[in-house]
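See below for the structure under consideration.
Proteins get letters first, then strands, A, B, ... in listed order; numbering begins at 1 in each.
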Protein chains: 2
Amino acid sequence: MSDTELLLRKKGLRTTKQRKAILDIIKSRKLPATAEDVFLELKVKDISANISTVYRTLDTMFENRIINKFYIVGDDRAFYELTSVKHRHFLVCIGCKAIIPITGCPLSGYEKTLEAKTNYRIAGHRLNIYGYCPKCALNDKK
Amino acid sequence: MSDTELLLRKKGLRTTKQRKAILDIIKSRKLPATAEDVFLELKVKDISANISTVYRTLDTMFENRIINKFYIVGDDRAFYELTSVKHRHFLVCIGCKAIIPITGCPLSGYEKTLEAKTNYRIAGHRLNIYGYCPKCALNDKK
DNA sequence: TTGGATGCAAAAGTTTTGCACGGTT
DNA sequence: AACCGTGCAAAACTTTTGCATCCAA
């Protein structure tokens, strides 16, 4: 049984062709993907899956904490990535919208402080950093 | 001339009834508002403004850096707030979706480090922290 | 007066839903 | 066999756009 199938079973989810394919795509991506990205890659791979199935599957996986879901400023669509990828953040270019991962999280330790201060049970955080990449910085003097 | 009008003029924007009302609403809110929030409050105040005008106005203000625009996990709509509010972050309850502002930013200093490391010109960041508020933590043992 | 802003209606884009059918367990 | 997942089509929801009209400068 494949790695991907195990991951689904562990959560009590049925292992269908579509789910395996969608999860494999998410796993293979170096960067977060949109529902459309997944849908198009399925087509390229000649695996039939309806767009509503893609959304439902991504939603199910999000609820089962297999993947994260988030938004990036400048783009109104949801992005998805494996929750098991090493914790990281993204640096987003305001100009060309390119996103690059940043290694090292500046928030280690902070969550505990906050937990004590607020009495919330902290589950995680989402941080994106915005700026201009070297190329766009040249075109956009501000 | 009102404060709100000055803010618009400073950016070279025309001061219309709708723009003043929309900006006043954003200013009066303690927490970020959605386009719909603004639209409904306009109605309550009996100020006629079309939903497309609300979006266009918010967009114009976003481009002129009068307001910020961002998303919160669990809600697919855009939120807006004044850029001039003191820099802050939000703690979002995964259960009841309540959001509370957090004082103190754990990222001061980090951006300069990153600028040196990446050669990007950093403009800012967006951080949200997720967890369960005391009430929801009781109902959702995980 | 004139160019930018608004209202209206229609469309675009993303995401969700009802229902019948099909596939996993 | 029972139940969950999928396809399809339609709808819901958020956001954008074209165009005529209106209004601030």
Just by distance, do the side chain of N64(A) and the backbone of I66(A) share a donor-acceptor pair under 3.5 Å?
-> no

Between the main-chain N or O of R65(A) and the side-chain N or O of T83(A), is there a donor-acceptor pair closer than 3.5 Å?
-> yes

Kindly say if [X] contacts the phosphate of [N], meaning a side-chain N or O under 4.0 Å from OP1 or OP2.
X      : N       : answer
T53(B) : dA5(C)  : no
Q18(A) : dG23(C) : no
R9(B)  : dA24(D) : no

Given dG5(D), dT25(C), dA25(D), the nucleotide with the shortest approach to the side chain of R19(A) |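 Nearest to the side chain of R19(A) among the choices is dG5(D).
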
Under 4.0 Å protein heavy-atom contacts per nucleotide of nucleotides 11-23 of chain D, with B for base, S for backbone only and - for none = ---SBBBB-----

Which residues satisfy the salt bridge (Lys or Arg N to Asp or Glu O under 4.0 Å) test with [X], sequence neighbours excluded?
X      : result
R9(B)  : none
E36(A) : R77(A)
K45(A) : E41(A)

Provide, to the nearest angstrom, the distance between the [atom1] atom belonging to [X] and the [atom2] atom belonging to [N].
X      : N       : atom1 : atom2 : answer
D75(A) : dT14(C) : CG    : P     : 8 Å
F62(A) : dT14(C) : CZ    : C1'   : 16 Å
F39(A) : dG13(C) : CZ    : P     : 15 Å
L13(A) : dC4(D)  : CG    : C1'   : 11 Å
K20(A) : dG23(C) : NZ    : P     : 14 Å
K11(A) : dC4(D)  : NZ    : P     : 19 Å

Would you mind listing the cluster partners of Y71(B)? Hydrophobic ones only (ILVMFWY), side-chain contacts under 4.5 Å, chaining allowed.
-> Y71(A)

Members sharing V44(B)'s hydrophobic cluster, built from side-chain contacts under 4.5 Å between Ile, Leu, Val, Met, Phe, Trp and Tyr, are none

Of A49(B) and T15(A), whose closest DNA chain C nucleotide lies nearer the 5' terminus?
->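 The residue mapped nearer the 5' terminus is A49(B).
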
Residues two or more places apart in sequence or in another chain: which of them pass side-chain contact (heavy atoms from CB on, under 4.5 Å) with T118(B)?
-> L91(A), L114(B), Y120(B)

Counting only pairs under 3.5 Å, give me each side-chain donor-acceptor contact of residues 98-112 of chain A, with atom names and distances, residues two or more places apart or in other chains.
from    : atom 1 : to      : atom 2 : distance (Å)
S108(A) : OG     : C105(A) : O      : 3.4
E111(A) : OE2    : H125(A) : ND1    : 2.4

Using five base pairs at each end, measure the axis-to-axis angle across the helix from dT1(C)-dA25(D) to dT25(C)-dA1(D) and round it to 10 degrees.
-> 40°

